[in-house]
Amino acid sequence: MSIILENNLNLQLDQIYSIIQEREKYIPKELYRYRSISKDENIKCNKHVDALKNEKIYLSNPYNFNDPYDSAFSIDIEKFKEDTKKSLEQKVIELYTDTLIRKAGIDPNIVSNKEIMYKDINIDMGIMDGFLDENQQFFYDYYVKNRIKFKVSCLSEIHDSILMWSHYANQHQGFCIGYDTSEIEENIKKQLFPVFYHETFFPLINVDITDKKLNLLIKYKDWRYEREWRLISDEKFLPLKPSKIYLGVKFNEEYLDYFKDIAREKNWKLYKMEMNYSEYALKAKEINL
(Lines give C-alpha, C1' and ligand atoms only; values in the text may rest on other atoms or scores of the structure.)
Protein backbone atom coordinates (compact mmCIF):
# COMPACT_ATOMS: atom_id res chain seq x y z
CA MET A 1 0.00 0.00 0.00
CA SER A 2 1.35 3.40 -0.98
CA ILE A 3 1.69 6.38 1.33
CA ILE A 4 -0.82 8.21 -0.89
CA LEU A 5 -3.55 5.62 -0.37
CA GLU A 6 -2.74 5.22 3.33
CA ASN A 7 -3.46 8.95 3.65
CA ASN A 8 -6.45 8.75 1.34
CA LEU A 9 -8.21 11.99 2.26
CA ASN A 10 -8.83 15.15 0.27
CA LEU A 11 -6.56 14.14 -2.60
CA GLN A 12 -6.41 16.57 -5.48
CA LEU A 13 -7.97 15.65 -8.80
CA ASP A 14 -4.61 15.15 -10.51
CA GLN A 15 -3.54 12.77 -7.72
CA ILE A 16 -6.75 10.79 -8.09
CA TYR A 17 -6.36 10.50 -11.86
CA SER A 18 -2.74 9.39 -11.40
CA ILE A 19 -3.72 6.64 -8.95
CA ILE A 20 -6.58 5.49 -11.19
CA GLN A 21 -4.20 5.18 -14.14
CA GLU A 22 -1.71 3.12 -12.07
CA ARG A 23 -4.24 1.45 -9.77
CA GLU A 24 -3.17 -2.15 -10.39
CA LYS A 25 0.08 -1.60 -8.48
CA TYR A 26 -1.94 -0.47 -5.43
CA ILE A 27 -4.32 -3.45 -5.31
CA PRO A 28 -3.88 -5.24 -1.93
CA LYS A 29 -3.11 -8.95 -1.74
CA GLU A 30 -6.61 -9.71 -0.51
CA LEU A 31 -10.00 -8.03 -0.72
CA TYR A 32 -13.14 -8.86 1.22
CA ARG A 33 -16.90 -8.69 0.79
CA TYR A 34 -19.32 -8.76 3.72
CA ARG A 35 -22.60 -10.66 3.19
CA SER A 36 -25.75 -11.04 5.28
CA ILE A 37 -27.79 -14.04 6.40
CA SER A 38 -30.97 -13.79 8.44
CA LYS A 39 -30.87 -15.90 11.57
CA ASP A 40 -33.68 -18.30 10.68
CA GLU A 41 -33.79 -18.21 6.88
CA ASN A 42 -33.39 -21.18 4.56
CA ILE A 43 -29.66 -21.05 3.85
CA LYS A 44 -30.09 -22.78 0.48
CA CYS A 45 -32.28 -19.90 -0.71
CA ASN A 46 -29.92 -17.10 0.30
CA LYS A 47 -28.79 -15.22 -2.83
CA HIS A 48 -25.42 -14.34 -1.30
CA VAL A 49 -24.68 -17.98 -0.54
CA ASP A 50 -25.77 -18.93 -4.06
CA ALA A 51 -23.37 -16.35 -5.56
CA LEU A 52 -20.61 -17.68 -3.29
CA LYS A 53 -21.14 -21.27 -4.45
CA ASN A 54 -21.21 -20.19 -8.10
CA GLU A 55 -18.08 -18.04 -7.67
CA LYS A 56 -19.85 -14.91 -8.85
CA ILE A 57 -20.06 -11.42 -7.46
CA TYR A 58 -23.25 -9.38 -7.69
CA LEU A 59 -23.21 -5.73 -8.84
CA SER A 60 -26.00 -3.21 -8.34
CA ASN A 61 -26.91 0.43 -8.95
CA PRO A 62 -25.18 2.64 -6.34
CA TYR A 63 -28.21 4.91 -6.25
CA ASN A 64 -29.75 2.23 -4.01
CA PHE A 65 -26.82 2.03 -1.57
CA ASN A 66 -27.13 2.99 2.10
CA ASP A 67 -25.29 6.30 1.63
CA PRO A 68 -27.58 8.89 -0.04
CA TYR A 69 -24.47 10.76 -1.19
CA ASP A 70 -22.98 7.69 -2.88
CA SER A 71 -21.89 8.65 -6.41
CA ALA A 72 -23.17 12.19 -5.85
CA PHE A 73 -21.43 15.23 -7.27
CA SER A 74 -21.72 18.98 -7.10
CA ILE A 75 -23.88 20.74 -9.64
CA ASP A 76 -23.48 24.38 -10.55
CA ILE A 77 -27.18 25.23 -10.22
CA GLU A 78 -27.04 28.42 -12.27
CA LYS A 79 -25.20 26.66 -15.11
CA PHE A 80 -27.61 23.75 -14.85
CA LYS A 81 -30.60 26.13 -15.11
CA GLU A 82 -29.03 27.96 -18.03
CA ASP A 83 -28.31 24.74 -19.96
CA THR A 84 -31.78 23.37 -19.21
CA LYS A 85 -33.51 26.56 -20.36
CA LYS A 86 -31.49 26.61 -23.59
CA SER A 87 -32.37 23.00 -24.30
CA LEU A 88 -36.07 23.53 -23.56
CA GLU A 89 -36.14 26.78 -25.53
CA GLN A 90 -34.75 25.03 -28.59
CA LYS A 91 -37.35 22.27 -28.30
CA VAL A 92 -40.19 24.83 -27.97
CA ILE A 93 -38.94 26.79 -31.00
CA GLU A 94 -38.72 23.62 -33.08
CA LEU A 95 -42.25 22.55 -32.11
CA TYR A 96 -43.60 26.08 -32.78
CA THR A 97 -41.93 26.21 -36.20
CA ASP A 98 -43.18 22.78 -37.18
CA THR A 99 -46.70 23.85 -36.18
CA LEU A 100 -46.51 26.91 -38.43
CA ILE A 101 -45.28 24.78 -41.32
CA ARG A 102 -48.08 22.25 -40.84
CA LYS A 103 -50.67 25.08 -40.81
CA ALA A 104 -49.34 26.05 -44.25
CA GLY A 105 -50.18 22.52 -45.40
CA ILE A 106 -46.56 21.37 -45.64
CA ASP A 107 -44.92 18.31 -44.07
CA PRO A 108 -42.19 19.73 -41.75
CA ASN A 109 -40.08 16.61 -42.32
CA ILE A 110 -39.41 17.65 -45.93
CA VAL A 111 -38.58 21.28 -45.17
CA SER A 112 -34.88 22.09 -45.33
CA ASN A 113 -33.06 24.96 -43.60
CA LYS A 114 -35.59 25.17 -40.77
CA GLU A 115 -32.71 26.46 -38.62
CA ILE A 116 -32.99 29.77 -40.47
CA MET A 117 -36.60 30.09 -39.35
CA TYR A 118 -35.65 29.22 -35.75
CA LYS A 119 -33.40 32.28 -35.54
CA ASP A 120 -36.35 34.62 -36.17
CA ILE A 121 -38.37 33.29 -33.22
CA ASN A 122 -37.93 34.68 -29.71
CA ILE A 123 -39.53 32.94 -26.75
CA ASP A 124 -39.40 34.28 -23.19
CA MET A 125 -38.18 31.39 -21.03
CA GLY A 126 -38.01 33.50 -17.87
CA ILE A 127 -41.02 31.63 -16.54
CA MET A 128 -38.78 28.57 -16.30
CA ASP A 129 -36.63 30.15 -13.56
CA GLY A 130 -39.25 29.64 -10.87
CA PHE A 131 -40.09 26.15 -12.10
CA LEU A 132 -36.44 25.05 -12.04
CA ASP A 133 -35.85 26.64 -8.63
CA GLU A 134 -38.84 24.81 -7.14
CA ASN A 135 -37.87 21.46 -8.65
CA GLN A 136 -34.09 21.37 -8.13
CA GLN A 137 -34.23 18.11 -6.14
CA PHE A 138 -36.34 16.41 -8.81
CA PHE A 139 -33.96 17.42 -11.60
CA TYR A 140 -30.90 16.49 -9.54
CA ASP A 141 -32.31 13.02 -8.76
CA TYR A 142 -33.24 12.51 -12.41
CA TYR A 143 -29.79 13.68 -13.53
CA VAL A 144 -27.99 11.39 -11.07
CA LYS A 145 -30.14 8.34 -11.82
CA ASN A 146 -29.62 8.71 -15.55
CA ARG A 147 -25.94 9.52 -15.20
CA ILE A 148 -25.22 6.33 -13.26
CA LYS A 149 -25.01 3.82 -16.09
CA PHE A 150 -22.67 1.41 -14.32
CA LYS A 151 -23.24 -1.21 -11.63
CA VAL A 152 -21.00 -1.51 -8.59
CA SER A 153 -19.82 -4.18 -6.18
CA CYS A 154 -18.18 -3.02 -2.93
CA LEU A 155 -15.09 -4.69 -1.45
CA SER A 156 -12.85 -3.83 1.48
CA GLU A 157 -9.17 -4.21 2.37
CA ILE A 158 -10.13 -5.53 5.81
CA HIS A 159 -12.15 -8.49 7.09
CA ASP A 160 -12.23 -7.64 10.81
CA SER A 161 -14.11 -4.34 10.94
CA ILE A 162 -16.62 -4.41 13.81
CA LEU A 163 -18.69 -1.74 12.07
CA MET A 164 -18.80 -3.45 8.68
CA TRP A 165 -19.76 -6.77 10.25
CA SER A 166 -22.60 -4.85 11.91
CA HIS A 167 -23.70 -2.89 8.82
CA TYR A 168 -23.24 -5.40 5.99
CA ALA A 169 -23.33 -8.84 7.63
CA ASN A 170 -26.58 -8.57 9.56
CA GLN A 171 -25.12 -7.70 12.98
CA HIS A 172 -22.32 -10.30 12.73
CA GLN A 173 -24.73 -13.11 11.77
CA GLY A 174 -23.52 -13.26 8.18
CA PHE A 175 -20.21 -14.06 6.53
CA CYS A 176 -17.32 -12.39 4.77
CA ILE A 177 -15.71 -13.63 1.55
CA GLY A 178 -11.97 -13.32 1.01
CA TYR A 179 -10.50 -12.97 -2.49
CA ASP A 180 -6.88 -13.55 -3.42
CA THR A 181 -6.33 -10.67 -5.86
CA SER A 182 -3.44 -12.47 -7.57
CA GLU A 183 -6.02 -14.96 -8.87
CA ILE A 184 -8.39 -12.36 -10.28
CA GLU A 185 -8.61 -12.50 -14.07
CA GLU A 186 -6.95 -9.56 -15.82
CA ASN A 187 -10.12 -8.43 -17.56
CA ILE A 188 -11.88 -8.30 -14.16
CA LYS A 189 -8.93 -6.58 -12.49
CA LYS A 190 -9.18 -3.76 -15.02
CA GLN A 191 -12.65 -3.03 -13.59
CA LEU A 192 -11.37 -2.70 -10.01
CA PHE A 193 -10.88 0.79 -8.54
CA PRO A 194 -9.98 2.30 -5.16
CA VAL A 195 -12.44 4.65 -3.47
CA PHE A 196 -11.27 8.14 -2.50
CA TYR A 197 -12.52 10.07 0.51
CA HIS A 198 -13.18 13.79 0.57
CA GLU A 199 -14.71 16.48 2.77
CA THR A 200 -16.28 18.33 -0.14
CA PHE A 201 -17.88 17.56 -3.49
CA PHE A 202 -15.89 17.78 -6.65
CA PRO A 203 -17.87 19.99 -9.05
CA LEU A 204 -17.90 17.21 -11.61
CA ILE A 205 -20.33 18.91 -13.94
CA ASN A 206 -17.62 21.52 -14.63
CA VAL A 207 -14.75 19.06 -15.01
CA ASP A 208 -13.73 17.62 -18.35
CA ILE A 209 -14.17 13.98 -17.34
CA THR A 210 -12.88 11.34 -19.66
CA ASP A 211 -13.61 8.56 -17.18
CA LYS A 212 -17.29 8.75 -16.23
CA LYS A 213 -16.67 6.33 -13.35
CA LEU A 214 -15.04 9.07 -11.27
CA ASN A 215 -18.17 10.10 -9.40
CA LEU A 216 -18.58 6.44 -8.34
CA LEU A 217 -15.20 6.57 -6.60
CA ILE A 218 -15.48 9.61 -4.32
CA LYS A 219 -17.20 9.32 -0.94
CA TYR A 220 -17.53 11.49 2.14
CA LYS A 221 -14.63 11.24 4.60
CA ASP A 222 -16.70 9.50 7.31
CA TRP A 223 -16.66 6.31 5.19
CA ARG A 224 -12.88 6.21 5.14
CA TYR A 225 -12.74 3.40 7.71
CA GLU A 226 -14.16 1.00 5.10
CA ARG A 227 -11.00 1.21 2.96
CA GLU A 228 -13.14 0.38 -0.03
CA TRP A 229 -12.41 -0.89 -3.53
CA ARG A 230 -15.09 -1.16 -6.19
CA LEU A 231 -15.75 -3.38 -9.13
CA ILE A 232 -17.48 -1.23 -11.75
CA SER A 233 -19.14 -2.76 -14.78
CA ASP A 234 -22.29 -2.69 -16.87
CA GLU A 235 -22.77 -6.38 -16.01
CA LYS A 236 -25.00 -7.61 -13.19
CA PHE A 237 -22.65 -10.48 -12.29
CA LEU A 238 -18.92 -11.00 -12.69
CA PRO A 239 -16.92 -14.21 -12.13
CA LEU A 240 -14.78 -13.91 -9.00
CA LYS A 241 -13.28 -16.92 -7.24
CA PRO A 242 -13.08 -16.76 -3.43
CA SER A 243 -10.22 -18.24 -1.40
CA LYS A 244 -11.53 -17.84 2.16
CA ILE A 245 -14.79 -17.59 4.09
CA TYR A 246 -15.15 -15.89 7.47
CA LEU A 247 -18.22 -16.59 9.62
CA GLY A 248 -19.53 -13.87 11.93
CA VAL A 249 -19.38 -13.87 15.73
CA LYS A 250 -23.15 -14.48 15.88
CA PHE A 251 -23.24 -16.91 12.95
CA ASN A 252 -25.97 -19.54 13.30
CA GLU A 253 -24.20 -22.80 14.13
CA GLU A 254 -26.96 -24.72 12.34
CA TYR A 255 -25.46 -23.47 9.06
CA LEU A 256 -21.89 -24.49 9.92
CA ASP A 257 -21.90 -27.91 8.26
CA TYR A 258 -23.33 -26.41 5.08
CA PHE A 259 -20.48 -23.90 4.89
CA LYS A 260 -17.94 -26.61 5.75
CA ASP A 261 -19.19 -28.62 2.78
CA ILE A 262 -18.80 -25.63 0.48
CA ALA A 263 -15.28 -24.85 1.72
CA ARG A 264 -14.22 -28.50 1.52
CA GLU A 265 -15.59 -28.93 -2.01
CA LYS A 266 -13.98 -25.69 -3.24
CA ASN A 267 -10.73 -26.15 -1.30
CA TRP A 268 -11.20 -22.83 0.49
CA LYS A 269 -10.17 -21.98 4.04
CA LEU A 270 -12.94 -21.40 6.58
CA TYR A 271 -12.68 -19.15 9.65
CA LYS A 272 -14.89 -18.12 12.57
CA MET A 273 -14.61 -14.57 13.87
CA GLU A 274 -14.21 -14.29 17.63
CA MET A 275 -14.29 -11.43 20.10
CA ASN A 276 -11.10 -10.37 21.84
CA TYR A 277 -11.97 -9.67 25.47
CA SER A 278 -8.87 -7.61 26.16
CA GLU A 279 -9.57 -4.99 23.46
CA TYR A 280 -12.18 -3.88 20.92
CA ALA A 281 -11.05 -6.18 18.12
CA LEU A 282 -12.07 -9.27 16.21
CA LYS A 283 -9.82 -12.22 15.48
CA ALA A 284 -10.25 -15.05 12.97
CA LYS A 285 -9.87 -18.67 14.09
CA GLU A 286 -9.48 -21.30 11.37
CA ILE A 287 -12.06 -24.11 11.37
CA ASN A 288 -10.90 -27.65 10.69
CA LEU A 289 -12.71 -29.15 7.73
Side-chain angles (χ1 to χ4, degrees), residues 1 5-6 8 27-60 65-67 152-184 192 194-195 197 219 222-231 238 240-289:
M1 179 61 61
L5 279 182
E6 284 180 359
N8 183 357
I27 296 175
K29 292 181 180 178
E30 291 185 320
L31 285 170
Y32 305 93
R33 181 155 168 83
Y34 294 83
R35 301 280 76 190
S36 63
I37 299 177
S38 298
K39 189 173 183 179
D40 299 316
E41 75 172 296
N42 184 341
I43 193 68
K44 295 181 180 179
C45 298
N46 182 283
K47 66 178 182 180
H48 304 312
V49 176
D50 184 67
L52 171 73
K53 290 173 61 180
N54 289 290
E55 301 181 12
K56 293 181 179 180
I57 193 164
Y58 175 72
L59 296 89
S60 56
F65 287 175
N66 60 349
D67 175 12
V152 172
S153 187
C154 305
L155 300 147
S156 173
E157 297 178 2
I158 50 178
H159 66 277
D160 56 0
S161 166
I162 296 173
L163 281 177
M164 282 194 282
W165 275 103
S166 298
H167 295 162
Y168 306 121
N170 197 26
Q171 294 83 46
H172 298 253
Q173 297 177 61
F175 60 101
C176 179
I177 309 169
Y179 299 95
D180 182 344
T181 58
S182 67
E183 295 184 1
I184 297 178
L192 187 60
V195 169
Y197 303 97
K219 296 181 69 173
D222 284 5
W223 297 96
R224 189 180 176 196
Y225 75 92
E226 291 189 347
R227 291 163 60 180
E228 186 178 350
W229 285 72
R230 290 186 160 187
L231 275 170
L238 288 175
L240 202 66
K241 182 180 179 181
S243 59
K244 299 175 181 177
I245 310 172
Y246 299 84
L247 308 179
V249 170
K250 297 181 181 180
F251 185 81
N252 189 337
E253 293 296 323
E254 293 180 8
Y255 303 150
L256 181 57
D257 286 342
Y258 190 77
F259 272 77
K260 278 186 174 182
D261 289 343
I262 295 173
R264 193 180 299 114
E265 178 187 345
K266 300 287 189 177
N267 196 28
W268 300 337
K269 290 188 175 182
L270 183 65
Y271 298 86
K272 179 73 163 60
M273 302 304 293
E274 296 181 345
M275 297 170 64
N276 186 332
Y277 292 100
S278 62
E279 60 179 332
Y280 290 115
L282 299 175
K283 56 184 179 180
K285 181 179 179 181
E286 187 170 356
I287 296 174
N288 293 325
L289 301 177

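Every value quoted in this text rests on a predicted model; they were computed, and no experiment measured them. Atoms considered below: every heavy atom in the structure, side chains included; atoms not considered: hydrogens, waters and symmetry mates.
The CG atom of L256 sits 9.5 Å away from the CG atom of D261 when rounded to the nearest 0.5 Å. One distance of note links NZ of K219 with CZ of F65; it measures 8.0 Å at 0.5 Å rounding. Rounding to the nearest 0.5 angstrom, the gap separating the CD1 atom in I184 from the CG atom in L238 is 10.5 Å. Going from atom CD of E30 over to atom OG of S156 covers 11.5 Å, rounded to the nearest 0.5 Å. Atoms SG and CZ, on C154 and R33 in that order, are 6.5 Å from each other to the nearest 0.5 Å. The CG atom of L270 sits 8.0 Å away from the NZ atom of K260 when rounded to the nearest 0.5 Å.
When all heavy atoms of A281 and I162 are compared, the pair lying nearest together is N-CD1, 4.1 Å. Between Y197 and E228, the shortest heavy-atom contact is OH-N, 3.0 Å. Considering all non-hydrogen atoms of both residues, W268 and K244 come closest at CB-N, 4.5 Å. Nearest heavy atom pair, residue Y32 against residue C176, reads CB-SG, 3.6 Å. Minimum interatomic distance between R264 and L289 (heavy atoms only, all atoms of both residues): NH2-O, 2.8 Å. Across every non-hydrogen atom of H159 and A284, the tightest pair is NE2-CB, 4.3 Å.
Counting heavy-atom neighbours within 6.0 Å of N66 CG, excluding the residue itself, gives a total above 12. Residue-environment remark: CD (E183) exceeds the threshold of 12 foreign heavy atoms within 6.0 Å.
Looking at K269 and E286, their side chains come closer than 4.5 Å, going by heavy atoms from C-beta outward. At a threshold of 4.5 Å between non-hydrogen side-chain atoms, the residues I37 and H48 do not count as touching. Side-chain contact between P242 and E55 is present, with at least one heavy-atom pair separated by less than 4.5 Å. Residues S166 and H172 form a side-chain contact, since some pair of their non-hydrogen atoms from C-beta on lies under 4.5 Å apart. Contact of the W229 side chain with the P28 side chain is registered, since non-hydrogen atoms from C-beta on lie closer than 4.5 Å. Side-chain contact between Y34 and H167: absent, with no pair of heavy atoms (C-beta onward) separated by less than 4.5 Å. Residues Y255 and V49 form no side-chain contact, since every pair of their non-hydrogen atoms from C-beta on lies 4.5 Å or further apart. Side-chain contact between L155 and I57: present, with at least one pair of heavy atoms (C-beta onward) separated by less than 4.5 Å.
Between the side chain of S161 and the backbone N or O of M164, at least one donor-acceptor pair lies under 3.5 Å. Using a distance-only test at 3.5 Å, with no hydrogens or angles considered, no donor-acceptor pair links the side chain of W165 to the main chain of G174. Judged by distance alone, with hydrogens and angles left aside, the side-chain atoms of K266 form a donor-acceptor pair with the main-chain N or O of K53 at under 3.5 Å. In this structure, the side chain of N8 engages the main chain of V195 through a donor-acceptor pair within 3.5 Å. The main-chain N or O of M273 is never found under 3.5 Å from a side-chain atom of K285 such that the two would form a donor-acceptor pair.
For E274, there are no side chain to side chain donor-acceptor pair (under 3.5 Å) partners, not counting sequence neighbours. In this view, Y58 and F237 satisfy the ring pair (Phe, Tyr, Trp, His ring centres under 6.0 Å) rule, not counting sequence neighbours.
Applying the ring-ring contact (aromatic ring centres under 6.0 Å, His included) test between F251 and each of F259, Y271, F175 identifies F259 as the sole match. Partner of L31 under the side-chain contact (heavy atoms from CB on, under 4.5 Å) criterion, out of I158, L231, T181, I177: T181 alone.
The existence of a salt bridge linking K47 and D50 is excluded, since no basic side-chain nitrogen approaches an acidic carboxylate oxygen closer than 4.0 Å.
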